[in-house]
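Predicted, not measured: the structure shown is a model, and the values here were computed from it. Per chain, numbering begins at 1; letters A, B, ... match sequence-line order.
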Protein chains: 2
Amino acid sequence: MLILGVLLDGPLHGYEVRRRLELWGADSWANVAYGSIYHGLAKMADEGLLVVVEGGKGGKTVYEITEDGRFEFHRQLMQAWYEVRPIVDPFQVAMTFMDRINRPDLLNAMRGRAEQLQVTLSMMERAIGGKQGFGAPRHIDENLKLTTTQLAAQLAWLQDAIPKVEREDLP
Amino acid sequence: MLILGVLLDGPLHGYEVRRRLELWGADSWANVAYGSIYHGLAKMADEGLLVVVEGGKGGKTVYEITEDGRFEFHRQLMQAWYEVRPIVDPFQVAMTFMDRINRPDLLNAMRGRAEQLQVTLSMMERAIGGKQGFGAPRHIDENLKLTTTQLAAQLAWLQDAIPKVEREDLP
DNA sequence: GACATGCCATGCAAATTTGAATACAAATTT
DNA sequence: AAATTTGTATTCAAATTTGCATGGCATGTC
């Protein structure tokens with residue numbers, strides 16, 4: 001979906017797709033190792049969602065989205081908007097095992113994490129509004145805002161849980 | 001890490017690992033297709049984090065965690081607690097492309113999603129405290145709570161963004 | 001002009017993940 | 001008691017993902 005979306009405005013080759021995604025900060029909220037872009041492009045060309053418009057010999061290969069590709073993009077986009085799925089977060093795994101850490105270490109970890117979150121949050125808040133005019137669409141900021149509120153939610157949970165651990169209500 | 005954690009309290013075979021994870025509701029906040037448990041077990045046995053204690057012929061294979069395995073588990077657990085990483089959320093990808101949907105459809109999607117979130121949230125709130133006494137550790141509730149607050153964060157963002165879209169401040 | 005540097009651009013082997021297929025035991029229905 | 005369904009337990013091929021290796025090209029520099 002990301003790749004298709006990047007190609008909506010015109011043909012690009014693999015490396016340009018990567019640059020575009022980096023510009024959008026996609027590395028932080030999506031899970032894309034850039035090596036897989038080329039696989040994705042080739043596969044979608046195979047499926048008829050893209051066509052090669054230039055090159056091939058050994059230089060760069062430029063892909064253009066087809067009508068089928070645009071349709072598939074919209075299908076997936078709408079599905080992503082309508083489907084509410086619980087968020088997969090590696091920290092949840094860490095939480096699950098909080099009873100396996102002794103209390104002092106756990107409290108240290110929790111306090112350390114809370115501090116880190118505060119720092120990250122204030123950095124992000126300062127960053128909001130910063131990318132304007134660099135080619136990234138304005139609503140990318142909204143992306144950043146949502147991330148911010150979610151990290152804030154984690155911080156709130158921590159601040160609620162720390163005292164509980166202190167007075168041995170948890171774990 | 002999940003598999004190692006499940007094995008901390010005693011040897012189990014693959015299917016039991018799966019059952020345990022299902023009991024914890026891990027399918028919702030972790031990304032485990034249960035087919036990969038067997039690969040993970042075999043690989044970790046290879047690396048010396050686990051040992052086979054029973055079976056092999058064709059029936060079930062029971063694995064036990066080794067000292068190395070316990071050590072590795074703790075290493076990973078601590079790392080997960082200390083490392084703050086932005087959350088990877090497929091909805092963020094959907095957001096990124098909100099300028100590719102026409103305004104009426106977008107508003108529909110946003111309102112629909114907001115409603116769904118409200119329903120999901122109230123269901124989850126009712127579920128908190130429900131798994132007690134079923135073998136799941138009590139702090140699994142905390143897990144649910146964190147998920148809840150994160151979904152609430154998404155809902156808050158939506159409720160902030162909907163009016164903006166209505167008065168064309170967004171996208 | 002030989003050489004180093006850094007960015008551009010892709011390919012690929014190895015590792016991992018997935019989803020479905022298999023096989024058999026236990027419980028249930030007919 | 002035969003047939004069907006459900007639950008237990010694993011395996012496997014195919015698809016995907018990763019991270020690094022490779023090679024080209026422009027630029028500076030001594």
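- When the P atom of C:dG6 is taken as reference, atom OH of A:Tyr15 falls 14 Å away, rounded to whole Å.
- Ion pairing between a basic and an acidic side chain is recognised when a charged N comes within 4.0 Å of a carboxylate O; A:Arg20 and A:Glu16 show no such pairing.
- Straight-line distance from the CG atom of B:Leu12 to the P atom of D:dT10: 11 Å, rounded to whole Å.
- In this entry the distance linking NZ of B:Lys43 with C1' of D:dT11 reads 19 Å, nearest Å.
- Rounded to whole Å, the distance from CD1 on B:Ile37 to C1' on C:dT16 is 15 Å.
- Residue A:Tyr38 places no side-chain N or O under 4.0 Å from the OP1 or OP2 atom of C:dG11.
- Looking at every heavy atom in both residues, B:Arg100 comes nearest to A:Phe73 through CB-CE2, 4.2 Å.
- Base pairing of D:dT27: its partner is C:dA4, meeting the Watson-Crick or G-U wobble criterion (both donor-acceptor distances under 3.5 Å).
- Between B:Met44 atom CE and C:dA15 atom P the separation is 17 Å, expressed in whole Å.
- Using a 4.0 Å heavy-atom cutoff across all strands shown, B:Gly35 reaches at least one base atom of the nucleic acid.
- Note: the hydrophobic cluster containing B:Leu8 also contains B:Leu4 (ILVMFWY, side chain heavy atoms under 4.5 Å, direct or indirect links).
- Listed nucleotides: D:dG19, D:dT10, C:dT18. Nearest to the side chain of A:Ala33: D:dG19.
- In this model, the phosphate group of C:dT17 is not approached by any side-chain N or O of B:His39 to a distance below 4.0 Å at OP1 or OP2.
- For the pair A:Val32 and B:His13, nearest-nucleotide mapping onto DNA chain D gives the more 5' position to B:His13.
- Residue-level contact check: B:Arg19 touches the backbone only, with heavy atoms under 4.0 Å from sugar-phosphate atoms and none from bases.
- Distance A:Glu54 CD to C:dT10 C1': 15 Å, rounded to the nearest Å.
- Ion pair B:Glu166/B:Arg111 flagged as a salt bridge, since at least one NZ, NE, NH1 or NH2 atom sits closer than 4.0 Å to an Asp/Glu carboxylate oxygen.
- Nucleotide C:dT10 holds its P atom 8 Å from the NZ atom of A:Lys60, rounded to whole Å.
- The ring pair (Phe, Tyr, Trp, His ring centres under 6.0 Å) test applied to A:Phe91 returns B:Trp81, not counting sequence neighbours.
- Proximity note for A:Ser36 (side chain, C-beta onward) versus D:dT10, C:dT10, D:dT18: the nearest is D:dT18.
- In this structure, A:Tyr34 atom OH and D:dT22 atom P are separated by 24 Å, rounded to whole Å.
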